[in-house]
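All of these numbers come straight from a predicted model, not from anything done at the bench. These values consider heavy atoms only, across backbone and side chains, with no hydrogens, waters or symmetry-generated copies. Naming: A, B, ... by sequence-line order, numbering from 1 per chain.
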Protein chains: 2
Amino acid sequence: MAWDTERTKRLLLEAATAEFSEHGLAGARMDRIATSAGVNKERIYQYFGKKDELFATVLATQLRETMDAVPLSGTGPAAAGDYAGRLFDHHIIQSTIPRLLFWEGLERGAGAAADAARIEYHRVKAERFRELLPGIDLEQAAELLLTIVTLVNGWPVLGHLDTLLVVGATGAPGDRAAARRNVIVRSVEVLASAAQAEAAARA
Amino acid sequence: MAWDTERTKRLLLEAATAEFSEHGLAGARMDRIATSAGVNKERIYQYFGKKDELFATVLATQLRETMDAVPLSGTGPAAAGDYAGRLFDHHIIQSTIPRLLFWEGLERGAGAAADAARIEYHRVKAERFRELLPGIDLEQAAELLLTIVTLVNGWPVLGHLDTLLVVGATGAPGDRAAARRNVIVRSVEVLASAAQAEAAARA
DNA sequence: TTCAATTGCAACTAATCAGTTGGAATTGAC
DNA sequence: GTCAATTCCAACTGATTAGTTGCAATTGAA
């Protein structure tokens with residue numbers, strides 16, 4: 001039976017994803033990752049390098065996967081809202097993503113935007129998003145996309161604020177995910193329509 | 001010359017605010033807080049207790065201060081947009097706030113919503129925000145307030161995403177803060193109008 | 001079978017960290 | 001001036017942590 005190096009790497013990457021999502025870079029523990037993966041700690045260093053290199057690998061893998069998993073399709077404000085809704089759904093299933101994105105923002109800051117491949121990927125994404133809303137310019141598209149990503153990823157991370165502001169004020173929690181998803185989708189539709197109207201008024 | 005205990009506490013609290021804002025709970029170092037404040041480390045424990053107690057104190061102090069510093073005023077969608085703009089401005093000056101809010105979300109999670117006084121404070125805030133937009137119900141108000149807080153606080157924390165999506169796609173950075181502030185203010189106005197229209201359509 | 005490369009093991013290492021301690025210095029009441 | 005309480009000091013402590021090490025076991029090519 002041969003060594004299954006790829007499987008070992010996968011186990012470690014999965015364990016690292018969970019650990020970094022839960023604790024961030026500073027709070028994560030290499031021992032825990034190894035134990036959780038059922039792999040000797042020394043293998044981590046052999047395959048992935050030091051702690052922050054493993055963190056970078058986890059981020060690159062997970063954030064890239066998200067962009068591939070939720071494609072843009074259709075045209076018009078409803079398509080924009082649909083995209084937001086699907087992104088929201090994806091994050092419910094892959095709950096590590098929003099946390100990793102904010103850990104990245106907090107722990108790596110501006111340095112996180114220095115990757116040329118990633119810059120290109122996002123440029124293409126913004127361009128593609130613009131095509132969903134005929135008539136708007138690239139800046140409008142990029143700003144709206146930033147709004148979508150902020151709202152969708154921010155919601156689970158600021159769950160305590162949802163509890164304080166919405167649940168606390170109105171009393172009955174109900175299905176919070178469904179309600180918030182609904183609000184975000186409709187908000188995106190409204191903002192997309194407004195963006196188009198604004199672009200038309202300027203033409 | 002008497003001991004100035006209150007001054008020592010203030011120095012420590014300021015240093016702790018900066019440290020926790022920069023590094024979060026797991027990444028902050030008590031030695032650094034003490035050094036930065038020019039105070040002996042042992043004083044921290046005497047005055048504030050252990051590390052996570054100090055963190056809680058910093059959070060309570062800073063987040064409470066924010067709510068007091070940016071009051072709600074006026075009525076109508078423009079008032080909602082104005083509030084968002086003033087909140088945005090405040091966070092530019094007090095750059096620790098957004099980061100602390102997201103550290104809290106990531107590092108303390110749902111437990112952060114367990115404080116009775118804070119629940120009450122947010123309930124009152126949501127109620128007051130509802131009064132800005134006559135006709136809308138409390139749930140609409142709370143959801144829109146959550147959207148505002150998410151966008152305003154999320155922007156600095158996701159600065160790398162701004163760079164990737166907006167700057168990367170459109171080329172010239174310009175004054176990003178002003179541009180993003182403008183987008184948020186107008187978005188809030190649009191969403192506030194839509195919320196009122198929706199409430200009216202249901203009446 | 002041999003041999004070099006790689007994986008696997010678990011103990012080890014040096015540094016770091018939150019928290020503590022004993023004693024000196026200071027304060028303010030009496 | 002005395003005295004108890006408090007602040008200040010800086011060294012200490014024990015636990016934890018990222019990373020390393022020496023050696024055994026395994027793999028696959030020749």
Please write out each protein N/O paired with an N/O of nucleotides 2-5 of chain C under 3.5 Å, distance rounded to 0.1 Å.
none

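- Looking at residues 31-43 of chain A, you'll see A:K41, A:E42 sit with a heavy atom under 4.0 Å from some atom of DNA chain D.
- Across D:dC8, C:dA18, D:dT20, the shortest atom-to-atom separation from the side chain of A:Y45 is found for D:dT20.
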Side-chain donor-acceptor contacts of residues 20-29 of chain A below 3.5 Å, not counting sequence neighbours, with atom names and distances?
from, atom 1, to, atom 2, distance (Å)
A:H23, NE2, A:R32, NH2, 3.4
A:R29, NH1, A:A26, O, 3.1
A:R29, NH1, A:G27, O, 3.4

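- The closest side-chain heavy-atom distance from A:V185 to A:F88 is not below 4.5 Å.
- Here salt bridge (charged side-chain N to carboxylate O under 4.0 Å, His left out) pairs that include residues 38-52 of chain B, with residues two or more places apart or in two chains, are B:D31-B:K41.
- Electrostatic pairing of B:R128 and B:E131 counts as a salt bridge here, judged by a charged N lying under 4.0 Å from a carboxylate O.
- Partners of A:N182 under the side-chain hydrogen bond (donor to acceptor under 3.5 Å, both in side chains) rule, at least two apart in sequence or in another chain, do not exist in this structure.
- Taking 4.0 angstrom as the limit, B:R29 places a side-chain polar atom (N or O) nearer than this to OP1 or OP2 of C:dA18.
- For A:Y83, the ring pair (Phe, Tyr, Trp, His ring centres under 6.0 Å) criterion is met by no residue, not counting sequence neighbours.
- Within residues 49-59 of chain B, no residue places a heavy atom under 4.0 Å from DNA chain D.
- Within the 3.5 Å criterion, the main-chain N or O of B:D4 finds a donor-acceptor partner in the side chain of B:T8.
- Contact annotation for B:A26: no contact, since no heavy-atom pair falls under 4.0 Å across all strands.
- With sequence neighbours left out, B:R118 forms a side-chain hydrogen bond (donor to acceptor under 3.5 Å, both in side chains) with B:E104.
- Sorted by first then second residue, the salt bridge (charged side-chain N to carboxylate O under 4.0 Å, His left out) pairs that include residues 80-100 of chain A, not counting sequence neighbours, are A:D82-A:R86, A:D89-A:R181.
- The stretch residues 138-151 of chain B participates, sequence neighbours left out, in these salt bridge (charged side-chain N to carboxylate O under 4.0 Å, His left out) pairs: A:R176-B:E143, A:R180-B:E143.
- A salt bridge does not link B:R123 to B:E127: none of the charged side-chain nitrogens sits closer than 4.0 Å to a carboxylate oxygen.
- Here B:F129 pairs with nothing under the ring pair (Phe, Tyr, Trp, His ring centres under 6.0 Å) rule; sequence neighbours left out.
- A residue-by-residue look at B:T5 and A:A28 shows that B:T5 has its nearest nucleotide of DNA chain D further toward the 5' end.
- The existence of a salt bridge linking B:R10 and B:E6 is excluded, since no basic side-chain nitrogen approaches an acidic carboxylate oxygen closer than 4.0 Å.
- Less than 4.0 Å separates DNA chain D from no heavy atom of any residue of residues 10-23 of chain B.
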